[in-house]
J.: 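First, the structure itself, so that you have it in front of you.
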There are 2 protein chains.
Amino acid sequence: MKIVRVEKIIERGPFAASQEWKRIRRQALAAIQAAEWPVGSGSFTVYPQSGKKTGEGNGVKPIKDNVIKMLTGGKPKYGALIKQRLNERNNTAILDEWVSEYPWPVGEREKETGGSRPGGMDAAYVFREGLVCFEWETGNISSSHRSLNKMCLGLLKGRIKGGMLVVPSRELYRYLTDRIGNIAELEPYFDLCRSISCEDGVLDIIVIEHDALSTDVPKIPKGTDGRAKG
Amino acid sequence: MKIVRVEKIIERGPFAASQEWKRIRRQALAAIQAAEWPVGSGSFTVYPQSGKKTGEGNGVKPIKDNVIKMLTGGKPKYGALIKQRLNERNNTAILDEWVSEYPWPVGEREKETGGSRPGGMDAAYVFREGLVCFEWETGNISSSHRSLNKMCLGLLKGRIKGGMLVVPSRELYRYLTDRIGNIAELEPYFDLCRSISCEDGVLDIIVIEHDALSTDVPKIPKGTDGRAKG
DNA sequence: TATGGATCCATA
DNA sequence: TATGGATCCATA
C-alpha cells in the first residue's frame, strides 16, 4: 500500500526531535506499506467500483486488521497479553513494544459502577516516557473527528506523547464504503488541531492509497453494519 | 421539552456579556422548550422503548424539524430566502433574524469547480457583528464531534461569534436510535473546546430531555418508515 | 459529486 | 450497558 502523504500536524519539543519517535514512526509506516490486497499478492490492488451503493465497491474492515497484526507481531490484545505474561513469568510490564487495543487514558467517562473501559487504541507503542497512539481510521468521516479529538485531548492533557491517524486519500475513498474518513474532509480542521496547547508531542496524519486498480482482484468484503440489510 | 442543563463551555469577551447574546440565547431556549410530542400536545412525551434495535424505539429527525421552524418563523431556507427577497423588493439583507441552512463559513474545502457548499447550519442568527450558529444534533455521537469541531474552528478563526449545540440527555438517549449524540459521551471533550484560542465568543451545549414517558403516545418514526429498505 | 446525517453492528 | 465502528440515506 502506498503512503501518499504524511502531514505533520504537531511536531513539538524534545520528543518530536528524538530518535525514539523517528524509529516509532518508521515502524508504523513500514507496517502500513506492507498492507496487501489480495493478501499475499505483494501489492495493494483495488477493484475499481464505487463503494457508494448497497453491496457495491469495497468494505473497509479487512484492510486494517492485517496492518495491526503486522505492527504488533500478532500478539494478543492488551487485556489478554497482560494475563498471559502474568501466568508465564510474573512479569507484566509492557514496554518498548507495540500492542493492540490499548485502553485510552482520556475521553472516557468515569463509570459509577467502576466498570471497564471498552474500546481502545487500534495500536499503541508503549515506552518509558509515555505512549504513541496509532489509529487506522475505517469508520465514517465523523468518526475521524472523534479520533482526532481523542488524540488532541490526550496531547493536551499530557497522557500521550504522540498520535498517528491513518486515512484514505480521496482517490481510494471513491472505491470504499460511502462516507468513510478521508483526508479531503479532515484537512480544514488541521488548524484546529494545531492550535491546541502542547509543548512536547507529535500528531501525524498518514494518507494511504492503493498501488493499483484491477477488475481481476476480488472486492474487499463489506459487513452487514449500519443500514446494510446483510 | 425540558432543558436539563446549559453548559457554558466558552463565555468570553464583550459578546458574551452583551444583551444581544442574552436575547439570542433566550430565543433559542424558548424554541427548544416549545418542542412537542405528539405535536400539539403541549408537552414532550416519549414512548419508553429502547431505540437500539431495528424498528424499535424512537427516531430522531422529526423532533428537530419543528424547533427549527419555530426558531425561524417558518421562513424559507437561506438560499430560497435570498432569492425571494431579491424578487420582492430588491433588499437582500438578512439581518437581526434567524434563518435555517445558513452556509458554514469554515470547514469546507475549496472546490476546484467553484461549486456550491452543500449543507449548512441547522439555524443561524445573523446580526451586524457576526453569526451565532445553532445545531440540533441528531446524528451519531461521532457526528457531534464534527459539529463541535466546526463551531470551535469557527470561533478560532473569528467567523462566528457564538455556537449552540443541542444534545439529548443520557436518559432521553436510551429511547432514541442507537448511538445518537448525547451529553455523557461529549462531556470528556469539553476541556478540549475550552482550550481553543478565542477572546470574544460563546459556546453552549444545551441538554434536552422528554417531559414524560407514556405508552399512550406514538413512537417517533424512524427514517426508514415507508421506504423500500425499512 | 459533496456533505451532514440516520441507522444498525460487533464486541467487551 | 458501553463504545468505536460500518454501512447506506436524503438532499443540494
J.: May I ask you to decide whether A:E187 forms a salt bridge with A:R170, counting only side-chain N to carboxylate O separations under 4.0 Å?
T.: no
J.: Check the distance between C:dG5's P and B:N149's CG and give it to me in whole angstrom.
T.: 13 Å
J.: To the nearest Å, how far apart are B:L186 CG and D:dG4 P?
T.: 11 Å
J.: How many whole angstroms separate atom CD1 of A:I183 from atom P of C:dT3?
T.: 13 Å
J.: Among B:S143, B:S144, B:S142, find the one that has a side chain to side chain donor-acceptor pair (under 3.5 Å) with B:N140.
T.: B:S142
J.: Could you tell me the separation between the CE atom of A:M121 and the CD1 atom of A:I68, rounded to the nearest 0.5 Å?
T.: 12.0 Å
J.: Over how many whole Å does the gap from A:E101 atom CD to D:dG5 atom P extend?
T.: 9 Å
J.: May I have the distance from A:D178 (atom CG) to C:dT7 (atom P), rounded to whole angstrom?
T.: 16 Å
J.: Out of the candidates B:E209, B:R5, B:K2, only one should pair with B:S169 under the side chain to side chain donor-acceptor pair (under 3.5 Å) rule; please name it.
T.: B:E209
J.: Starting at the 5' end of DNA chain D and moving along, which residue's nearest nucleotide shows up first, A:W136 or A:K53?
T.: A:W136
J.: Here's a test of your reading of the structure: between A:R179 and B:E56, which maps to the more 5' nucleotide of DNA chain C?
T.: A:R179
J.: Just call it for B:G79: base, sugar-phosphate, or nothing, with non-hydrogen atoms closer than 4.0 Å on any strand.
T.: nothing
J.: Please determine if a side-chain N or O atom of B:K222 lies less than 4.0 Å away from the OP1 or OP2 oxygen of C:dC8.
T.: yes
J.: Measure the distance from CG on A:N140 to P on D:dC8 and round it to the nearest whole Å.
T.: 12 Å
J.: Heavy atoms only, 4.0 Å cut-off, all strands: where does B:G57 land among base, sugar-phosphate and nothing?
T.: nothing
J.: Could you say whether B:I141 or A:T177 is positioned toward the 5' end of DNA chain D, judged by the nucleotide with the nearest heavy atom to each?
T.: B:I141
J.: Report yes if a side-chain nitrogen or oxygen of A:K61 is closer than 4.0 Å to either non-bridging phosphate oxygen (OP1 or OP2) of C:dC9; otherwise report no.
T.: no
J.: Quick one: B:H145 NE2 to C:dT3 P, roughly how many Å, whole number?
T.: 21 Å
J.: Does the side chain of B:R170 get closer than 4.0 angstrom to OP1 or OP2 of D:dT3 through an N or O atom?
T.: yes
J.: Is any side-chain nitrogen or oxygen of A:S143 closer than 4.0 Å to OP1 or OP2 of D:dG5?
T.: yes
J.: Checking A:K52 against A:Y173: charged group under 6.0 Å from the ring centre and within 45 degrees of the axis?
T.: yes
J.: Just the rounded figure in Å: distance from C1' of C:dT3 to CG of B:D122.
T.: 13 Å
J.: On DNA chain C, compare the nucleotides closest to B:R146 and A:K77; which residue's is nearer the 5' end?
T.: B:R146
